[in-house]
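Numbers for residues simply follow the sequence, beginning at 1.
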Amino acid sequence: MIYKKDSPQLYWSTLAYEDWHIHLAATPQGLCFAGSQNQPFEELAEWMGKKLPEYRLVRDDAALEPFRNELIEYLQGVRTGFTIPFDCQGTPFQLEVWQALSDIPYGQTKSYSDIASLIRRPSAVRAVGTAIGANPILITIPCHRVIGKNGALTGYRGGIEMKTRLLQLESAAISRERIGAHG
């Protein structure tokens with residue numbers, strides 16, 4: 001791909017922690033992409049080509065260090081929320097849904113219909129599901145906390161195995177916290 005000299009830059013790096021390997025990308029405004037576990041670089045490149053085609057990818061491990069650090073702390077079970085800035089690229093409806101996801105407390109889940117009700121569009125369950133599926137910043141915008149109305153683990157861009165691991169991680173961290181408070 002040929003870029004203009006003044007093309008904006010999209011910085012990227014890889015988070016590698018235990019068996020987690022996730023590509024991350026950020027604009028100067030904040031994290032805009034956190035990929036699926038153990039997926040190739042093409043996942044990031046494909047997303048960028050669709051959402052930010054005018055940007056130029058530049059590997060910058062130092063620029064992504066704060067994002068990597070917070071995600072590693074989350075994966076270690078010591079961080080329950082994020083303070084890093086985000087630069088979400090989506091429609092107004094998607095942004096509204098993603099904000100509702102961000103309001104789901106650590107270790108808790110909501111159904112797709114719960115999210116539709118939270119954004120005051122109870123009949124938009126399918127549209128909510130589509131917006132959740134388009135979430136570009138996995139883990140930090142916690143779409144893994146959304147489950148089927150019957151409690152089943154359903155669709156997740158990172159795959160059901162990744163979703164299961166994230167929910168188990170949060171559950172285990174809460175259990176450790178309770179034991180520490182009473183032990």
Whether the side chain of [X] engages the backbone of [Y] through a donor-acceptor N/O pair (distance < 3.5 Å, no angle test) should be reported.
X	Y	value
E43	S36	yes
R145	I104	yes
Q94	A134	no
R68	D61	yes
S171	L167	no
W98	P142	no

Checklist entry - I72 and I141: same hydrophobic cluster, using ILVMFWY side-chain contacts below 4.5 Å? => result yes

Item to check | Path from F82 to L95 over hydrophobic side-chain contacts below 4.5 Å | outcome: yes

Next on the checklist: Determine whether Y156 and M162 satisfy the following criterion, side-chain contact (heavy atoms from CB on, under 4.5 Å), listing intermediate values before the conclusion.
Outcome noted: CA-CA 8 Å; Y156 184 65; M162 182 178 174; 3.9 Å; yes

Checklist entry - Using 30° and 60° as the class limits, which term best fits the ring planes of W12 and H23: parallel, tilted or perpendicular? => result tilted

Checklist entry - Do the ring planes of Y74 and Y106 sit parallel (below 30°), tilted (30 to 60°) or perpendicular (above 60°)? => result perpendicular

Checklist entry - Looking at side-chain heavy atoms only, is the closest gap between P85 and Q29 below 4.5 Å? => result no

Checklist entry - Can you tell if the side chain of I115 reaches within under 4.5 Å of the side chain of V97, non-hydrogen atoms only? => result yes

Item to check | Distance-only donor-acceptor check, side chains N69 and E73, under 3.5 Å | outcome: no

Checklist entry - So which of K163, R157, E170, R165 actually passes side-chain hydrogen bond (donor to acceptor under 3.5 Å, both in side chains) with H144? => result E170

